[in-house]
Amino acid sequence: MPTHYDIFIKNCRILQPAGQGHQLVSGSIGIRHGRLTAIGAAGLGPGATADRLIEGDGLVAMPGLVNCHVHGAMTLFRGLADDLPLMTWLEEHIFPAEARFVSAEMVYWCTKLAAAEMLLSGTTTAADGYFYMEAAARAYRESGMRAILGQAVVDFPVPGVADPGQNIKAVTAFIDGFPPSSLLQPAVFAHSPYTCSAETLVRARAVAREKEVPFFIHLAETRGEELLIGAGDLSPVAYLDSLALLDPGVIAVHCVWLSEADMDILARRGCRVVTCPESNMKLGSGVAPVPAMLARHIPVGLGTDSCASNNDLDLFGEMDSCAKLAKVHNMQPELLPAQEVLTMATSMGAACLGLADIGTLAVGMKADLILVDCRSPRLTPLFSPDLLVYGARGGDVDTVIVDGRLVVSQGEVLTMDVQEIMARVRALAGQVAEADHGK
Ligand SMILES: [Zn+2]
């Protein structure tokens with residue numbers, strides 16, 4: 001039988017694993033039934049056919065980026081209040097705006113905006129945590145992205161769960177009612193050890209274990225979090241460990257303020273970590289000890305966090321910040337090489353989320369990949385994949401394929417009406433601005 005491909009990408013350069021890092025290899029890529037079925041030097045070959053042929057000249061094919069921590073719907077609050085201390089920002093701007101404006105409708109449209117922004121900047125998988133996650137799931141489904149969706153658990157009234165006594169019931173119902181999907185899966189997102197009681201944390205962890213879904217939690221984001229928790233001398237990590245919560249199902253987000261002993265606990269329990277360097281920088285939270293965690297073989301993924309504290313969802317920029325932050329913080333330029341950060345944003349990020357068959361371009365893997373247009377002055381010349389970290393930006397992404405489906409072509413989203421999404425979010429933003437200034 002002659003070979004047939006759904007999509008065939010001809011004569012591009014392909015980012016491939018090489019030792020501890022990556023290399024760029026010239027070749028072609030064949031995709032069929034959602035998977036990579038051919039990668040190599042040869043072209044289409046005699047008799048072979050493809051529904052869609054993409055000329056890859058000047059393009060670099062790389063795995064779709066994995067954003068391990070985002071609150072998609074918070075695109076509505078992008079730039080609403082910049083350059084403020086965390087508590088002022090939260091209590092005077094974000095929390096009041098959330099209380100007033102977060103609804104299922106808002107989550108749907110603003111998550112669609114986030115999905116559009118992420119797809120256009122090369123992110124094919126996101127781990128999102130917020131409220132009204134059924135609405136977020138609808139947005140992601142329509143976008144064509146791959147996503148893990150964590151319904152937030154907090155011990156105070158939040159949008160969609162007015163009675164905190166119902167928060168465990170709400171997350172259980174969210175998971176039980178989640179429609180089967182090859183691209184989307186539900187999760188538990190316990191907000192933090194200082195917004196959830198010990199009892200709530202234990203119950204939320206039990207739900208995640210029983211339902212076999214990931215358990216996300218913000219952990220050790222700011223200095224002095226242990227004072228907010230009020231568990232005596234225990235650090236936030238030691239506190240969670242004392243509650244028997246930590247195991248490989250836990251994905252701990254931020255992990256900025258960790259002692260050596262905390263890192264040993266996370267390594268021993270097999271926990272996974274997500275670092276969000278730009279959000280930590282902007283809120284002045286501190287610098288996560290990423291090299292020290294990697295040295296302990298703790299998988300560390302990369303996240304943007306919400307774009308209200310970033311202010312974008314561009315993982316290319318995040319990779320750049322992540323690599324440089326470790327260097328300047330430790331005054332060691334060899335720390336956290338670009339190649340290691342590329343791994344964090346692809347295969348290690350996928351491993352963090354428990355997704356085994358994305359994150360690397362190899363035959364048999366799911367076809368989640370992007371084509372980066374390197375025909376611009378600032379990406380010329382292209383000696384090594386390091387420039388994808390230090391030079392490329394989300395706007396350089398030309399093509400995005402998720403699960404074998406073309407979702408962005410020549411910088412245009414094919415799955416959603418981006419103009420309509422922006423118009424909807426602008427209308428909502430007008431109301432937010434009026435309320436914020438009217439205070
Ligand atoms: Zn967050």
Side-chain angles (χ1 to χ4, degrees), residues 66-82 84-87 89-91 93-95 97-98 102 107 110-111 114-115 117-118 123 125-133 136 147-156 158-159 171 187-196 201 204 214-223 225 228 236-237 240 250-258 271-288 290 300-315 317-318 321-322 344 349 352-353:
V66 181
N67 189 341
C68 291
H69 185 64
V70 66
H71 311 287
M74 290 182 77
T75 47
L76 181 60
F77 309 128
R78 185 199 315 267
L80 173 66
D82 294 320
L84 293 171
L86 176 66
M87 292 327 283
W89 178 73
L90 278 176
E91 288 173 0
H93 299 276
I94 298 299
F95 286 163
E98 283 186 329
V102 175
V107 168
C110 299
T111 303
E117 183 184 356
M118 287 191 278
T123 293
T125 297
D128 196 329
Y130 207 57
F131 314 111
Y132 290 112
M133 290 309 280
I148 297 182
L149 306 159
Q151 169 68 30
V153 176
V154 190
D155 276 340
F156 52 79
V158 291
V171 73
V188 175
F189 167 43
H191 179 269
S192 71
Y194 60 90
T195 52
C196 296
L201 290 172
F215 178 89
F216 292 85
I217 186 164
H218 290 134
L219 186 63
E221 178 177 359
T222 45
R223 183 157 56 181
E225 189 170 297
L228 297 173
V237 172
L240 293 194
V250 171
I251 301 158
V253 180
H254 293 305
C255 291
V256 173
W257 292 95
L258 299 183
C271 297
R272 294 164 275 168
V273 166
V274 180
T275 188
C276 305
E278 291 190 355
S279 177
N280 296 157
M281 287 160 75
K282 184 155 184 267
L283 292 170
S285 300
V287 181
V290 174
V300 183
L302 200 55
T304 55
D305 211 348
S306 91
C307 73
S309 63
N310 188 305
N311 293 0
D312 61 58
L313 305 177
D314 181 353
L315 269 184
E318 206 72 38
S321 298
C322 185
M344 287 169 64
C352 251
L353 301 181

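Counting starts at 1 for both ligands and their atoms, following the listed order. Numbering starts at 1 and runs along the sequence shown. Every value quoted in this text rests on a predicted model; they were computed, and no experiment measured them.
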Checklist entry - Would you say His191's side chain and Val153's backbone share a donor-acceptor pair under 3.5 angstrom? => result no
In Asp305, the N/O/S atom nearest the Zn ion (ligand 1) carries the name OD1
Under 2.8 Å from the Zn ion (ligand 1), can any N, O or S atom of His254 be found?
no
- request: Using a 4.5 Å cut-off on heavy atoms from C-beta on, say whether the side chain of Met74 contacts that of Cys110.
  value: no
- Distance-only side-chain donor-acceptor flag, Glu221 / Tyr194, under 3.5 Å: no
Is a side-chain donor-acceptor pair under 3.5 Å present for His69 with His218?
yes
Taking the Zn ion (ligand 1) as the apex, His69 NE2 and His218 NE2 span an angle, rounded to 10°, of 90°
